[in-house]
Each structure stands twice: as C-alpha cells, then as structure tokens.
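In what follows, a structure is listed as structure tokens, so that the remarks can point back to it.
Just so it is clear, the model here is predicted, and its values are computed rather than measured. Start at 1 and go down the list; that is how both ligands and their atoms are numbered. In what follows, residues are counted from 1 in the order of the sequence shown.
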Amino acid sequence: MTDLININNLYVEYTSNKGFLGGKQIVHAVNGVSLSIKEGEILALAGESGCGKSTLAKAILKLEPAKSGCISFAEPKETEKEFRKFAQMVFQNPYASLNPKMKIFEILKEPLEINTNLKKEEIKQKVIEKIEMVGLDKSCLELYPHEFSGGQRQRIAIARALMLDPKFILADEPVSALDVSIQAQIINLIKELKEKYKLTFLLITHDMSVIKYLADRVAIMYLGEIVEIGKCKDVFNNPLHPYTKALLNAVPQINGQTKKSVLKGDLPSPANLPEGCKFHTRCPRMMDICKTSHPKETGANHKVKCFLYQK
Ligand code: SF4
C-alpha cells in the first residue's frame with residue numbers, strides 16, 4: 001500500500017488561559033508524531049481524552065498550524081479547494097453538524113456549489129448518488145434534519161463528506177453520540193465505504209471495540225506521542241506498551257466487568273509534561289531510566305516506544 005499522508009516529527013502547541021489564577025500557559029498537544037496513513041486503510045487513533053488526538057486531526061486537516069515538522073500528501077494540494085476535494089471530516093455529533101434550517105438537498109449540494117463548476121442537473125444527480133451510497137432514499141432530500149433519527153443524520157453527515165469524492169475522511173468519534181443499537185449500522189457503513197470505494201479513513205475514537213472491528217491498523221497516543229502502532233491483530237493480540245495494555249484492560253467484558261486496570265492517576269496536563277518517558281508517572285513497570293530519559297521507537301511493522309523493548 002502506498003502512503004496517502006505522511007506525518008514527520010510533528011509538533012503542535014497552543015496557548016491557553018490558566019483558569020482562575022489567570023495568566024497564559026503553553027499546551028504541548030502534539031509532541032514529535034511521525035506516522036503514515038496508507039491508501040485504502042482505516043487507521044485508528046486511540047487514547048484518553050486530552051491525549052492530543054483531536055489536535056493531531058486538526059493539524060492534518062490544516063485547521064491547526066504546526067509548530068514544527070511536516071505533513072505531506074501523495075499529491076500536493078496547493079489550494080484550499082483542492083484540499084477540500086481531497087480530505088473531508090465526519091463529526092461526532094450529527095445533531096450539531098447539520099444546519100437545522102436547511103433541507104437535506106440544500107445541505108448536500110452546498111459543497112458542490114462552492115467547490116465545483118457542475119451544472120444544476122449534474123449537482124442533483126450527484127446528490128442522489130451520494131444519498132443512496134449511504135443507504136438512504138432520495139425522497140429524504142426534501143426533509144429537514146430534525147425529521148431523522150440520530151443514525152440517519154450520521155448517514156447524511158457521511159453523504160455530505162462524500163460529496164466532493166474525497167480520498168481521505170477523518171472520522172472523529174463517529175458513533176459515540178449514537179444509541180448502541182444504531183452504532184453497528186454506522187460502523188458497517190464505514191467498512192462498506194472503505195471496501196467498495198477504496199476510501200482511506202483516520203478514525204479517532206477511545207472505543208477499543210470499535211477499533212478492533214473496523215480498523216486495519218491502530219496508533220496509541222499518550223500525551224501527544226504515538227507510543228505504539230501496528231496492525232490491529234498484532235496490537236490486540238500482543239500489546240507491548242504498558243499504556244496499551246491498560247487501555248485494553250479497561251474494555252468492558254461481556255459480563256459487564258472490566259479486567260483489573262493497571263492505570264494509576266489521571267493524565268498529566270499537556271501544559272506540564274513529565275520529564276523522561278511521559279507515561280512514567282502512571283506506569284506499573286517504571287524503571288529509574290524512565291524518569292530521566294526518553295525512549296526511542298523500536299520495531300518494524302509493530303512499533304513501540306518503551307525502554308522495556310530497547311536493547
Ligand atoms: Fe513504563 Fe518505562 Fe516503558 Fe515508559 S519507558 S512505558 S515508564 S517501562
């Protein structure tokens with residue numbers, strides 16, 4: 001598989017208010033991320049909230065500037081229009097992401113009117129094609145968003161993301177706002193779109209069971225770093241990093257219990273990063289070296305950043 005997107009040593013930081021005490025602080029949201037997203041795959045990005053997943057996603061979509069490092073694309077996208085045709089996003093909340101005052105037809109035709117020179121009839125055909133691609137009937141085009149269920153709205157949001165025939169879709173927690181009974185339908189739709197139309201997805205989620213079912217590869221993120229990355233089957237069957245093990249231990253079991261979690265304390269603030277391995281303050285395998293030195297990434301296809309695997 002060829003690389004569609006290549007991220008090299010990316011750093012993203014921003015300034016935020018300190019809260020009641022006032023003053024400003026620098027938030028180190030993404031800290032030296034290097035990874036590639038391969039054409040036709042679903043790469044999942046997992047980690048606790050606040051680990052930098054969404055900031056990395058925004059940087060890929062050029063919505064957040066990088067402090068340093070670079071993101072390159074298989075075919076360079078010089079203009080904003082070219083980039084929007086290449087990359088689109090599906091948001092977590094289909095209730096908030098669709099304009100309630102617009103009919104579905106108006107919502108779907110908007111990206112075509114802004115970014116293409118298609119004629120009226122061609123736009124209509126394209127809208128019908130996309131709404132059918134996501135499993136809805138063209139009769140729904142005359143309705144408003146509030147006339148649909150959550151699952152149907154997420155299908156409409158996916159249709160809108162498909163309007164410009166993008167190669168890459170960033171799906172940010174695409175099922176977490178939906179009822180459990182509906183989640184499987186949207187997960188299956190994403191799988192079908194990937195397989196039928198060779199689309200590439202970056203799936204951002206904290207739900208390890210969604211990742212196991214849907215993704216080809218998974219990257220585990222902790223305090224702005226990728227600490228483990230590999231094929232799903234390798235990472236799920238043989239997790240290496242203590243943080244990945246803790247995340248997998250926290251997945252609820254069929255009996256409603258979770259396995260004994262080994263994760264201590266809360267995620268440290270990205271405004272105040274620990275020295276050494278960033279996971280050392282919570283790691284059950286911590287050694288002296290972990291407090292002062294930063295582990296390098298090791299491995300070929302299944303990579304991990306941890307002193308336990310460094311020779
Ligand atoms: Fe734990 Fe040390 Fe590995 Fe970090 S480098 S994950 S602290 S064992």
Charged N-O contact under 4.0 Å between [X] and [Y]:
X      : Y      : result
Lys38  : Asp216 : no
Asp165 : Lys130 : yes
Lys305 : Glu297 : no

Task: No-hydrogen, no-angle side-chain donor-acceptor test under 3.5 Å, Gln92 and Ser176 - done: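 Yes, because at least one side-chain N or O of Gln92 sits under 3.5 Å from a partner of the opposite role on Ser176.
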Open item on the list: With a cut-off of 2.8 Å, does His280 put an N/O/S atom close enough to atom 2 (Fe) of ligand 1?
Closed with: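 Given the 2.8 Å cut-off, His280 does not count as a ligand of atom 2 (Fe) of ligand 1.
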Which protein non-hydrogen atom lies closest to [atom], naming both residue and atom, and how far is it?
atom                    : result
atom 5 (S) of ligand 1  : Phe307 N, 3.3 Å
atom 8 (S) of ligand 1  : Arg285 O, 3.6 Å
atom 2 (Fe) of ligand 1 : Cys290 SG, 2.3 Å

TODO: Examine Lys191 relative to Tyr213 and say whether NZ or CZ is less than 6.0 Å from the centre of the six-membered ring and inside a 45° cone about the ring axis.
DONE: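 The answer is yes; both the distance and angle limits are met.
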Task: Glu228 side chain vs Val235 backbone, donor-acceptor pair below 3.5 Å - done: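 Side chain of Glu228 to backbone of Val235: no pair is present.
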- [ ] State whether Cys277 contributes an N/O/S atom found under 2.8 Å from atom 1 (Fe) of ligand 1.
- [x]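 It does not: Cys277 brings no N, O or S atom closer than 2.8 Å to atom 1 (Fe) of ligand 1.
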- [ ] State the atoms of ligand 1, each with its element, that fall below the 4.0 Å cut-off from a heavy-atom position in Leu308.
- [x]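 By the 4.0 Å cutoff, the relevant atoms are 8 (S).
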Task: Contact atoms of ligand 1, heavy-atom distance to His241 under 4.0 Å - done: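 Those of ligand 1 that fall under 4.0 Å from His241 are 6 (S).
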- [ ] Report the part of Lys305 (side chain from C-beta onward, or backbone N, CA, C, O) that has a heavy atom under 4.0 Å from ligand 1; answer both or neither where that applies.
- [x]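 It is neither; nothing of Lys305 touches ligand 1.
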Task: Identity of the nearest option to atom 3 (Fe) of ligand 1, non-hydrogen atoms only, from Pro284, Pro242, Cys283, Cys306 - done: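 Result: the heavy atom closest to atom 3 (Fe) of ligand 1 is in Cys306.
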Open item on the list: Quick check: closest heavy atoms across Arg282 and Tyr222, and the distance to 0.1 Å?
Closed with: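 Reported closest heavy-atom pair: CD-OH, 3.0 Å.
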